[in-house]
Every structure is written in C-alpha cells, then in structure tokens.
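Structure first, then comments.
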2 protein chains.
Amino acid sequence: MGLAKTEIFTDSQNEIALFAKAFGHPARVAILQHLFKINTCVCGDLVDEIGLAQPTISQHLKELKHLGLIKGSVEGTSVCYCINPEVWTKMKVVMTEFLDQDLPKTSCC
Amino acid sequence: MGLAKTEIFTDSQNEIALFAKAFGHPARVAILQHLFKINTCVCGDLVDEIGLAQPTISQHLKELKHLGLIKGSVEGTSVCYCINPEVWTKMKVVMTEFLDQDLPKTSCC
DNA sequence: TATATTAATCGTAATATTGCAATAAAACAA
DNA sequence: TTGTTTTATTGCAATATTACGATTAATATA
C-alpha cells in the first residue's frame, strides 16, 4: 500500500508521526540545524552547505514549510528561510510529552 | 531515487533521522504508547488494540526491535514485548538535544 | 530591453514504505 | 501425534519518498 491508515489513529498519534517524519531525513535535520546556527539564510547557502542538488533542497524546504516549522520571505532574487518559533515550540511540546513517558521501574523481559 | 544519501551527513544527523523515522508512523507511535501503558504485552494485544492486521503489526514491531527501542522475549506461544529502557533513554537524549536548540530572539522574516 | 541570478516547479527514475493474504514456524494441549 | 494458538515470514500490490536534469518564474542589474 504505502499509505498509512491515519483514520484509525488519534489526532495526537498522527500529529506526533507527522512531526517525526519531518525529522526522518538527515537532509531536513541538517537544514534545521543550519537554520538554527545562522538565523538568516537563503536556499543557495543550504545547497552549498549540504551538498544535494538545488531542486532537492527546495523540495525538502517545501515540506518543512508546509508543516510550518520554517517560513520564508522573498528578499530580491533570493528567499530568506528561518525557523518558525511558534510552530517549533508547539512541536517541541508534543514531542517532549511523547518522549518523556515514564519508563517502567522493572523491565518485563 | 527514494534512497537517502546518508554518506554526506554526519553520524549525529543520521542517528536523529533514524530515531525520528521510527516515530514517523502513527502505528508505531501507538505501539510504543501502549507498551508504556501496560508494561507487559504480547503481539496479539496490539493487533486488537490498534486495528491493523497481524502481519502488519509484526512488521512494525520488527522495525522498532531492530532499532533497539523495544525488546521481546518468548513466553510459550506468545512473545512479550516491552520498551528497552537503555535505548529509549539514549534516544531521548539525542532527540532532546536536537529539539532544544536555542530559538533566535528575533525572527529574520 | 537583454542578461544574469536565484529559487520553484515539472517530469521522471529508482528505491522505500505500508498493508495484507497466505503460509510457515514454534510451542503448547489433548 | 494431532490439533490449537500465537507470532514470523513471504510475496505482492499500491503508494510514498528521494533525487536530479531541465525548465520556468521572478527579480535585479547592466
């Protein structure tokens, strides 16, 4: 199939999965880390920095933008991308809540 | 392609992506949440709980086991799956470090 | 206006993922 | 041994993802 049955899961579970999927590729991890490092950024920088072709980077940026984790504004011929702090913070709350579940004191096996 | 160019990224970036990918499907999120909730668990429980076919659950369990996030021990005809606390804790450190990057005080756009 | 620069989009190929029916394997019970 | 229960594996179909060359769109500059 290749198609996740999202309808049988809770909104929360689907939300966690969506955010996680955004980080599920090292290029997007690298893009986000770079955006954190140098705040202001254009797509060209990322192409040089990361070493994938320009259309590929553009596609990864589109996914991150679609999720809301980054936003971009046109600056002449280039585009300035940066982290969207509101969405990033919201994502962090969602993911942290999932990661911080209490581990059982005794392992069952 | 469909094939990520892992060789051009750092080990850390690839590790983050691998862990994130594990959470990138709501079924695996649901499985982990269920394992947290009831500590001891067998595969059959999960099939009832989640509503995907038994082979599908088995496959998701295999992925989580391969990453080390869960472990399973045979108990007669059933298998007892549970969270692997060591790997979970390690994963949490890795992911939290990524999520907790400092947001810039002023957004660039 | 013509040209350069930069990023987005289109089209396509290759690979990965998801899901399940059918089947196999393993352990127990009668 | 034979059947039952439970999980794993196999094989396959459908869809998604990744990557990039070619092209387009938009803006700036000469």
Side-chain angles (χ1 to χ4, degrees), chain A residues 1-9 13-14 17-18 20-31 34-35 40-67 70-82 108-109, chain B residues 1-9 13-14 17-18 20-31 34-35 40-67 70-82 108-109:
Chain A
M1 297 240 159
L3 173 60
K5 284 191 153 180
T6 53
E7 71 278 7
I8 67 173
F9 302 103
Q13 287 163 343
N14 282 314
L18 274 181
K21 201 146 53 163
F23 308 140
H25 192 291
R28 291 191 290 272
V29 171
I31 286 171
H34 194 65
L35 287 184
T40 300
C41 191
V42 292
C43 180
D45 286 2
L46 291 165
V47 173
D48 298 339
E49 178 78 16
I50 291 171
L52 290 170
Q54 180 267 323
T56 307
I57 297 293
S58 189
Q59 196 172 291
H60 284 303
L61 286 168
K62 190 180 174 183
E63 283 177 63
L64 292 172
K65 195 177 172 184
H66 182 253
L67 247 186
I70 65 173
K71 51 187 176 176
S73 63
V74 177
E75 298 274 345
T77 49
S78 53
V79 177
C80 164
Y81 277 108
C82 59
C108 72
C109 40
Chain B
M1 297 240 161
L3 174 58
K5 284 191 157 181
T6 53
E7 72 277 7
I8 67 173
F9 301 104
Q13 287 163 344
N14 282 315
L18 274 182
K21 205 152 39 167
F23 309 138
H25 192 291
R28 290 190 291 269
V29 171
I31 286 172
H34 194 65
L35 287 184
T40 300
C41 191
V42 293
C43 180
D45 286 3
L46 290 164
V47 173
D48 298 340
E49 177 77 15
I50 291 171
L52 289 170
Q54 180 267 324
T56 308
I57 298 292
S58 188
Q59 194 172 292
H60 284 303
L61 287 168
K62 191 179 174 184
E63 283 178 63
L64 293 171
K65 196 176 171 185
H66 183 253
L67 245 187
I70 66 173
K71 50 186 175 177
S73 62
V74 177
E75 300 272 346
T77 49
S78 54
V79 177
C80 165
Y81 277 109
C82 60
C108 73
C109 40

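In what follows, chains carry the letters A, B, and so on, assigned in the order in which the sequence lines appear, proteins first and then strands, with residues in each chain numbered from 1. Note that the coordinates shown come from a computational prediction; the quantities given were computed from them, not determined experimentally.
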Of all the heavy-atom pairs spanning A:Ile50 and A:Ile31, show the shortest one and how long it is.
CD1-CG1, 3.3 Å

Assert: residue with more 5' nearest nucleotide on DNA chain D, out of B:Cys43 and B:Thr6, is B:Cys43

Report the distance from atom CD of B:Glu75 to atom P of D:dT6, rounded to the nearest whole Å.
14 Å

Any A:Ser58 side-chain N or O less than 4.0 Å from OP1/OP2 of C:dA8
yes

5'-most by nearest nucleotide on DNA chain C - A:Val42 or B:Thr77
A:Val42

Looking only at atom types and distance, does a side-chain atom of A:Arg28 sit under 3.5 Å from a main-chain N or O of B:Ala17, one as donor and one as acceptor?
no

D:dA19 C1' sits how many Å from B:Ile8 CD1, rounded?
10 Å

Under 3.5 Å donor-acceptor pair, B:Gln59 side-chain atoms to D:dA8 base atoms
no

Upstream residue (5' side of DNA chain D) when A:Glu63 and A:Val74 are each assigned their closest nucleotide:
A:Glu63

How are the rings of B:His25 and A:Phe9 set relative to one another: parallel (under 30°), tilted (30 to 60°) or perpendicular (over 60°)?
perpendicular

Please determine whether a side-chain nitrogen or oxygen atom of A:Lys5 lies at a distance below 4.0 Å from atom OP1 or OP2 of C:dC20.
yes

OP1 or OP2 of D:dA8 sitting under 4.0 Å from any side-chain N/O of B:Tyr81?
yes

State which of C:dC20, C:dC10, D:dA19 makes the closest approach to the side chain of A:Leu52.
D:dA19

Taking the side chain of A:His60 as its heavy atoms from C-beta onward, which of D:dA8, D:dA19, D:dA22 lies nearest to it?
D:dA19

With a cut-off of less than 4.0 Å, is there a side-chain N or O of A:Thr56 near OP1 or OP2 of D:dC20?
yes

Short side-chain N/O contact from B:Lys21 to OP1 or OP2 of C:dT17, under 4.0 Å
yes

Examine C:dG19: is either OP1 or OP2 under 4.0 Å from a nitrogen or oxygen in the side chain of B:His25? Give yes or no.
yes

